[in-house]
Number of protein chains: 2
Amino acid sequence: MSGGTTVQHLEVTAPIFAALGDPSRLSIIERLGADGPLPTTRLNGPGSGVTRQGITKHLRVLENAGLVESFRVGRDRLWRLRTEQLVIARGYLDQVSAEWDGRLARLKSLVESGSE
Amino acid sequence: MSGGTTVQHLEVTAPIFAALGDPSRLSIIERLGADGPLPTTRLNGPGSGVTRQGITKHLRVLENAGLVESFRVGRDRLWRLRTEQLVIARGYLDQVSAEWDGRLARLKSLVESGSE
DNA sequence: AAGAGACGCAACCAGGAGGTTGCGCATGGA
DNA sequence: TCCATGCGCAACCTCCTGGTTGCGTCTCTT
């Protein structure tokens with residue numbers, strides 16, 4: 001584990017987490033992950049409790065975060081999941097917890113040996 | 001990989017992502033992960049560009065999300081990272097992207113075989 | 001004992017986020 | 001051709017959030 005393993009920085013990851021940090025948006029992500037590319041209206045439905053415009057806004061946020069992409073087919077706009085950003089976020093979480101686990105181990109051995 | 005692997009639901013994960021979705025807070029998480037338990041003031045410093053109270057607020061948000069915990073030592077309150085929630089969030093991201101990858105593969109084979 | 005350092009609580013403030021409504025424009029189907 | 005459907009754009013509103021200041025309390029140090 002030599003240093004410099006392309007750590008994704010705050011400025012990259014924070015917006016991703018921010019985009020995921022809303023129940024409506026996270027729900028959209030789930031549905032897109034499970035039921036493949038879907039038109040805006042299908043993402044709406046009575047279960048969402050939000051207007052179509054509301055959904056559209058959320059989709060734009062997700063798009064800006066790079067979490068989804070869209071393409072038009074006829075009069076529909078289809079939305080599809082992009083996993084790249086999810087992978088980045090996942091890697092970030094991995095890094096942080098790994099770093100902390102390592103530090104914990106080091107602290108523990110310090111305490112046990114009593115050295116400084 | 002048979003189904004039902006204790007999927008963490010929206011209501012659990014969204015708050016975690018929301019807490020991580022702020023640059024200041026994510027920065028705190030990083031520092032706590034790297035430099036172990038730290039007092040509030042140490043998290044502050046000139047690099048943060050925020051008041052101590054601002055940091056305290058962020059810490060409370062992180063605490064409510066279960067991402068950090070604290071304990072007092074003398075007149076300091078030390079903050080420590082908790083990895084449980086990080087693991088949950090990571091697992092969630094794993095699930096979603098895995099699901100989508102599977103769906104993609106299925107869609108592809110559908111197109112190639114021309115069935116359905 | 002007294003000053004300084006670290007914190008907690010509360011009030012306050014500006015801006016952005018989530019959400020809505022209204023309207024106009026294309027596209028598909030009868 | 002005409003109507004319904006699916007979107008896009010824009011204005012608007014409310015509430016939460018990030019951030020600040022002020023002040024009081026406790027603990028450590030000298």
Side-chain angles (χ1 to χ4, degrees), chain A residues 10-11 13-32 35-81 85, chain B residues 10-11 13-32 35-81 85:
Chain A
L10 286 172
E11 297 135 9
T13 51
I16 304 179
F17 289 131
L20 293 174
D22 178 276
S24 305
R25 285 197 291 267
L26 208 49
S27 160
I28 291 178
I29 293 285
E30 283 190 7
R31 284 216 52 192
L32 285 184
D35 302 337
L38 288 173
T40 312
T41 315
R42 201 76 63 79
L43 267 327
N44 192 11
S48 67
V50 186
T51 319
R52 172 184 62 91
Q53 293 302 330
I55 298 289
T56 296
K57 272 197 174 183
H58 282 306
L59 285 169
R60 227 198 289 276
V61 173
L62 290 172
E63 188 177 36
N64 287 339
L67 289 165
V68 302
E69 63 187 355
S70 71
F71 51 100
R72 292 206 71 158
V73 172
R75 60 186 169 186
D76 292 351
R77 155 150 276 139
L78 296 196
W79 296 90
R80 169 170 45 199
L81 200 60
Q85 302 296 87
Chain B
L10 287 172
E11 297 136 9
T13 51
I16 304 179
F17 289 131
L20 294 173
D22 178 275
S24 305
R25 285 197 291 266
L26 208 48
S27 160
I28 291 178
I29 292 285
E30 283 190 7
R31 284 216 53 192
L32 285 184
D35 301 338
L38 288 173
T40 312
T41 315
R42 202 77 62 78
L43 267 326
N44 191 11
S48 66
V50 186
T51 319
R52 171 183 64 91
Q53 293 302 329
I55 299 289
T56 297
K57 273 197 174 183
H58 282 305
L59 285 169
R60 228 196 292 274
V61 173
L62 290 172
E63 188 178 35
N64 287 338
L67 288 165
V68 302
E69 62 187 356
S70 71
F71 51 100
R72 293 206 70 158
V73 173
R75 60 185 170 188
D76 293 351
R77 155 150 276 138
L78 296 197
W79 297 90
R80 168 171 43 198
L81 199 60
Q85 303 295 87

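From a predicted model like this one, the values you see are computed outputs, not experimental measurements.
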Heavy-atom side-chain contact between B:Leu32 and B:Leu62 under 4.5 Å: no

A:Glu63 CD to D:dC7 P, straight-line distance once rounded to whole Å: 14 Å

Residues forming a side-chain hydrogen bond (donor to acceptor under 3.5 Å, both in side chains) with A:Asp76, sequence neighbours excluded: none

Side chain A:Arg25, main chain B:Ala14, donor-acceptor under 3.5 Å: no

Interatomic distance, B:Asn64 CG vs D:dC16 C1' [rounded to whole Å]: 15 Å

Distance, rounded to the nearest Å, where B:Phe71 contributes CZ and C:dA6 contributes P: 17 Å

Interatomic distance where CG belongs to A:Asn44 and P belongs to D:dG8 [whole Å]: 13 Å

Nearest-nucleotide pick for B:Asp76, side chain only, options being D:dC7, C:dA6, D:dG8: C:dA6

Trace of the side chain to side chain contact (heavy atoms under 4.5 Å, CB included) decision for B:Ile29 with B:Val68: CA-CA 8 Å; B:Ile29 292 285; B:Val68 302; 4.2 Å; yes

Beyond-backbone contact of B:Trp79 with B:Leu38, side-chain heavy atoms, under 4.5 angstrom: no

Rounded distance in Å - CZ (B:Arg77) to P (C:dC9): 9 Å

Sugar-phosphate only, base, or nothing, as touched by B:Arg42 at under 4.0 Å among non-hydrogen atoms: nothing

Distance in angstrom units between B:Leu59 CG and D:dG18 P, rounded: 13 Å

Presence of B:Thr40 side-chain N/O under 4.0 Å of C:dA6 phosphate oxygens OP1/OP2: no

Footprint string (nucleotides 19-30 of chain C, 5' to 3'): B base within contact, S backbone only, - free, heavy atoms under 4.0 Å: BBBB----BB--

Sugar-phosphate only, base, or nothing, as touched by B:Arg60 at under 4.0 Å among non-hydrogen atoms: sugar-phosphate

Rounded interatomic separation in angstrom, taking CD1 from B:Ile55 and P from D:dG18: 12 Å

Rounded distance in Å - CG (B:Leu43) to C1' (D:dG19): 17 Å

Residues forming a side chain to side chain contact (heavy atoms under 4.5 Å, CB included) with B:Ser48, sequence neighbours excluded: B:Asn44, B:Val50, B:Ile55

Check: A:Arg80 and A:Phe71 side chains under 4.5 Å, non-hydrogen atoms: yes

